[in-house]
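Data block below; observations after.
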Amino acid sequence: MSATSTPKSGPDLSHYPGGEALYRLRHSAAHILASAVTELFPDVKVAGGPPIENGFYYDFARDQPFTPEDLERIDARMREIVAENQPFESSESSRDEAIKKFEGAGEKYKVHFISQIPAGDKVTFYRNGRFLDLCRGPHLASTGELKAFKLTHVAGAYWLGNERNEMLQRIYGTAFATPAELEAYLHQIEEALKRDHRRVGKELDLFSIHEEVGAGLIHWHPKGGMVRHQIEEFWKDEHLKRGYQLVYTPHIASEKLYAISGHLENYADLMYAPMDIDGQPYRVKPMNCPMHIMIYKNRKHSYRELPIRLAEMGTVYRYERSGVLHGLDRVRGFTVDDSHIFCTPDQLAGEVLGILDLMDFLLKTFGYQYVCYLATRPKDHFLGSEEQWAFATAALEQALKQRGLPYEIDEGGGAFYAPKIDVKLRDAIGREWQCPTIQVDLNLPKRFGVYYTGPDGQDHEAVMLHRALYGSVERFVGIYIEHTGGEFPVWVAPVQAVVIPANPKAYDYAADTARMFREGGMRAEVDLRDDKMGAKIRDAELQKIPYMVVVGPREAEAGAVSPRRKGVGQLETMTREAFLERVQKESRERSA
RNA sequence: GCCGGUGUAGCUCAGUCGGUAGAGCAGCGCACUCGUAACGCGCAGGUCAUCGGUUCGAGUCCGAUCACCGGCUCCA
């Protein structure tokens, strides 16, 4: 366990989800895991392992990888240790004594932890059975109190989290106070798995990735394309209402551009290698900002024109190491819902307020709660003056306060060129995702010479805000798929309604109804396959189509439809016109 | 990139000790003419990720590469 210089005070548990009791439980589970492993595999060296959200882990150094069979043996031994009800006994010794003891045992990782402790301090240990671990506690009274746990998986982890260090083997597990809570957690994991956007994307035919094209490059199928289209249209509508102007910029650019912006020196490892065009090096673009600046700089601007809000769904390409790619979440080509706002210093706080307002509207429409973080100047490496940082940070904070948004300070968490507001949204199953970001760029205006003419007739450096609300459209859609589980609201659903004839006599009326709906602007299809109605309804339910519209001879006679809402069931029979109006209204209002 | 795992039909997955490839669903054909979550019968579908090796013989064993999965590191 990670030790500190103040053994009596113990770790800070105030932020641990589930509180001290769960922390204690999982901490003890980690010890029991380590004692089982050291008994079964005497050759391992132990590193450390804390409680984590929902469980615990412990790191080991061993030449052989742990197999699933090993995990079963370890699990079985852990249960024996629990049955033996070994007491957790704490003890103390001097630091140097402790170092000597662990050096003698060849436990170099433990020696490292102990040597972090100031020389004069006491070191605490906890023992259960034959296993003695450096640890500040707290622990259960005895191993028998661990009632519900399960080892989940093994993974590699760098020693001290540094990729230049050797890789250890990390065994993960989960533990709860009662078997019922453990079951509930495992059930929740399974439910989350069902919502996985990679799985839902396949089931609903939304997108694909192809080896022949390359890893991390997304192909949007017609249905996924419609989801994305609706989300982008919503974005465009709201931006135009709020005085943004849409722009489009190239996908490649001369290296000169990125030399000026500084990306060439600071972001070279995420940019793809240059290509030769007429003897000049060009790059696929990793960022949109320099191009938006080009548009701004194309002519001089009066202070009277500001703010200027340029917005673009800008697709960028960045090199990501192969191991980090993940569905739509982490890709090599993605679309930033980018905007750069050029304004005067006086306008800054007001612009940030406007962004927060827009952001709130967008996120609420999708049904997200969110939390804000104000990330301030990094301690060491930063560009610009301290005055600039203070001014920009104050403007961000003022806007947050004015909007009445609660926020936390992320001390030193700003980019080296910008203080920022980062926003994490919370999805339907409680996970947090960082999407929106609002940054005051303290670098590019100077590098490019971004000016406006003030009332005094002189040039003044413009303030440049950089912001994205979805972040990456690909990722945002991926998160939204998991948020909704693929059950999109009517305004997003790729197919809003499928018309299902009750029997073959109604095929003509069904086809005519679908045609009428489409002419009315509804995304409607008709299912004329040679199948029973029940099968068609089942398919539509599984495809998560919001409305199924059953029509038979009765409806054909009356010009009516018998609608069925997914997950709800049959609705009142109504005229075709009434149903069309209902769906149009729901779609127009973008109700969740 | 690193550690571990996986890759068999469009999808989900079987495939024993190395002996020559199987199911369900989807698709296609036929039959059925059906009222709110799966009608029946038949047919077709595979360079077992790719390349190389061991072997009389490889889906199966070995190596490399690619992709994916779980983590680490990094990150929108």
Side-chain angles (χ1 to χ4, degrees), chain A residues 52 57 59-62 64-68 70-71 152-172 193 196 198-199 202-203 205 208-217 267 269-270 286-287 314 316 318-338 415 422 433-437 468-476 478-479 500-507 529-543 547-555 562-571 573:
Chain A
I52 52 172
Y57 68 76
D59 287 342
F60 303 94
R62 179 176 180 239
Q64 300 295 313
F66 289 113
T67 64
D70 291 337
L71 270 197
T152 53
H153 58 287
V154 197
Y158 296 110
W159 165 234
L160 298 179
N162 188 326
E163 65 178 314
R164 284 190 301 270
N165 289 345
E166 69 266 32
M167 188 154 280
L168 307 174
Q169 293 186 65
R170 176 170 297 175
I171 299 179
Y172 284 90
L193 227 55
D196 190 307
R198 294 165 298 186
R199 170 177 173 160
K202 203 177 270 184
E203 287 167 354
D205 196 16
S208 58
I209 300 169
H210 302 270
E211 201 178 323
E212 298 90 327
V213 178
L217 300 168
Y267 290 103
D269 51 351
L270 62 77
M287 306 232 170
V316 297
R318 299 182 189 169
Y319 173 72
E320 296 286 352
R321 295 153 109 195
S322 60
V324 307
L325 300 173
H326 183 90
L328 297 175
D329 290 346
R330 199 67 188 278
V331 295
R332 284 178 173 161
F334 61 100
T335 305
V336 183
D337 66 312
D338 222 345
D422 281 333
W433 305 87
Q434 209 248 289
C435 290
T437 183
L469 300 178
Y470 293 156
S472 143
V473 176
E474 285 76 4
R475 181 158 165 273
F476 191 83
I479 293 165
I500 297 175
N503 64 52
K505 292 191 191 77
Y507 274 31
R529 291 175 303 167
D530 182 16
D531 250 323
K532 286 178 77 172
M533 184 183 73
K536 296 181 183 185
I537 286 174
R538 181 169 191 274
D539 284 350
E541 288 274 352
L542 292 175
Q543 283 297 301
Y547 287 105
M548 287 142 277
V549 179
V550 174
V551 296
R554 289 204 296 270
E555 286 77 16
S562 171
R564 175 192 161 100
R565 176 81 218 213
K566 184 202 173 316
V568 174
Q570 205 169 340
L571 306 178
T573 296

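So that the names make sense, note that chain A is the first sequence line, chain B the second, and so on, each numbered from 1.
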Of the nucleotides [options], which one has an atom closest to the side chain of [X]?
{"X": "A:Asp530", "options": "B:rA31, B:rA76, B:rC72", "answer": "B:rA31"}
{"X": "A:Ala215", "options": "B:rA67, B:rG71, B:rA38", "answer": "B:rA67"}
{"X": "A:Asn503", "options": "B:rU73, B:rG71, B:rG35", "answer": "B:rG35"}
{"X": "A:Lys532", "options": "B:rC39, B:rC72, B:rC68", "answer": "B:rC39"}
{"X": "A:Glu163", "options": "B:rA76, B:rG1, B:rC3", "answer": "B:rG1"}
{"X": "A:Arg475", "options": "B:rA38, B:rC3, B:rA76", "answer": "B:rA76"}
{"X": "A:Lys202", "options": "B:rA38, B:rC75, B:rU12", "answer": "B:rU12"}

With a cut-off of less than 4.0 Å, is there a side-chain N or O of [X] near OP1 or OP2 of [N]?
{"X": "A:Lys505", "N": "B:rC34", "value": "yes"}
{"X": "A:Lys536", "N": "B:rC34", "value": "no"}
{"X": "A:Arg318", "N": "B:rC74", "value": "no"}
{"X": "A:Arg198", "N": "B:rC69", "value": "yes"}
{"X": "A:Tyr319", "N": "B:rG1", "value": "yes"}

Between the base of [N] and the side chain of [X], is one N or O donor paired with an acceptor at under 3.5 angstrom?
{"X": "A:Glu320", "N": "B:rA76", "answer": "yes"}
{"X": "A:Arg538", "N": "B:rU36", "answer": "no"}
{"X": "A:Tyr158", "N": "B:rG71", "answer": "no"}

[atom1]-based separation of [M] from [N] [nearest Å]:
{"N": "B:rC48", "M": "B:rC39", "atom1": "P", "result": "35 Å"}
{"N": "B:rG24", "M": "B:rG4", "atom1": "C1'", "result": "32 Å"}
{"N": "B:rU16", "M": "B:rC61", "atom1": "C1'", "result": "16 Å"}
{"N": "B:rG22", "M": "B:rG59", "atom1": "C1'", "result": "12 Å"}
{"N": "B:rG53", "M": "B:rA58", "atom1": "C1'", "result": "11 Å"}
{"N": "B:rA23", "M": "B:rU8", "atom1": "C1'", "result": "13 Å"}
{"N": "B:rG18", "M": "B:rU12", "atom1": "P", "result": "28 Å"}
{"N": "B:rG27", "M": "B:rA64", "atom1": "C1'", "result": "37 Å"}

Sugar-phosphate, base or nothing in reach of [X], heavy atoms under 4.0 Å:
{"X": "A:His326", "value": "sugar-phosphate"}
{"X": "A:Asp539", "value": "nothing"}
{"X": "A:Pro553", "value": "base"}
{"X": "A:Val336", "value": "nothing"}
{"X": "A:Glu555", "value": "base"}
{"X": "A:Val331", "value": "base"}
{"X": "A:Gln434", "value": "sugar-phosphate"}
{"X": "A:Gly552", "value": "base"}
{"X": "A:Gly323", "value": "base"}

Between [N] ([atom2]) and [X] ([atom1]): distance, integer Å:
{"X": "A:Leu325", "N": "B:rG71", "atom1": "CG", "atom2": "P", "answer": "15 Å"}
{"X": "A:His153", "N": "B:rG4", "atom1": "NE2", "atom2": "C1'", "answer": "11 Å"}
{"X": "A:Leu542", "N": "B:rA26", "atom1": "CG", "atom2": "C1'", "answer": "13 Å"}
{"X": "A:Tyr172", "N": "B:rG71", "atom1": "OH", "atom2": "P", "answer": "7 Å"}
{"X": "A:Ile537", "N": "B:rG35", "atom1": "CD1", "atom2": "P", "answer": "11 Å"}
{"X": "A:Glu541", "N": "B:rU36", "atom1": "CD", "atom2": "C1'", "answer": "9 Å"}
{"X": "A:Arg330", "N": "B:rG1", "atom1": "CZ", "atom2": "P", "answer": "13 Å"}
{"X": "A:Arg564", "N": "B:rA37", "atom1": "CZ", "atom2": "C1'", "answer": "6 Å"}

RNA chain B nearest-nucleotide lookup for A:Ile209 and A:Gly569: closer to the 5′ end is A:Gly569

For A:Val551 and for A:Asp531, locate the closest nucleotide of RNA chain B by heavy-atom distance; then report the residue assigned to the nucleotide nearer the 5' terminus. A:Val551

Electrostatic pair A:Glu320-A:Arg332, nearest N-O below 4.0 angstrom: no

Check this for me: does any side-chain nitrogen of one of A:Asp269 and A:Arg318 sit under 4.0 Å from a carboxylate oxygen of the other? no

Side-chain heavy-atom pair [X], [Y] within 4.5 angstrom cut-off:
{"X": "A:Gln570", "Y": "A:Arg565", "value": "no"}
{"X": "A:Gln169", "Y": "A:Ile171", "value": "no"}
{"X": "A:Ser472", "Y": "A:Leu328", "value": "no"}
{"X": "A:Val550", "Y": "A:Ile537", "value": "yes"}

As a quick check of understanding, evaluate side-chain hydrogen bond (donor to acceptor under 3.5 Å, both in side chains) for A:Glu474 and A:Thr335, giving each step before the final call. CA-CA 7 Å; A:Glu474 285 76 4; A:Thr335 305; 3.1 Å; yes

Hey, what's the ring geometry for A:Phe60 with A:Phe66, parallel, tilted or perpendicular (30° and 60° as the breaks)? perpendicular

Face-to-face contact A:Phe334 to B:rA76 six-ring, under 5.5 Å, under 30°: yes

Please determine if A:Arg475 forms a cation-pi arrangement with A:Phe334, meaning its NZ or CZ atom is less than 6.0 Å from the six-membered ring centre and no more than 45° off the ring axis. no

Only Watson-Crick and G-U wobble pairs, only distances under 3.5 Å, only runs of 3 or more: what stems does that leave for RNA chain B? B:1-7 with B:66-72, B:10-13 with B:22-25, B:27-30 with B:40-43, B:49-53 with B:61-65

Partners of A:Lys536 by side-chain contact (heavy atoms from CB on, under 4.5 Å), sequence neighbours excluded? A:Ile500, A:Pro501, A:Tyr507, A:Asp527, A:Arg529, A:Asp531

Chi angles and distances behind the salt bridge (Lys or Arg N to Asp or Glu O under 4.0 Å) call for A:Asp70, A:Arg62: CA-CA 13 Å; A:Asp70 291 337; A:Arg62 179 176 180 239; 3.8 Å; yes

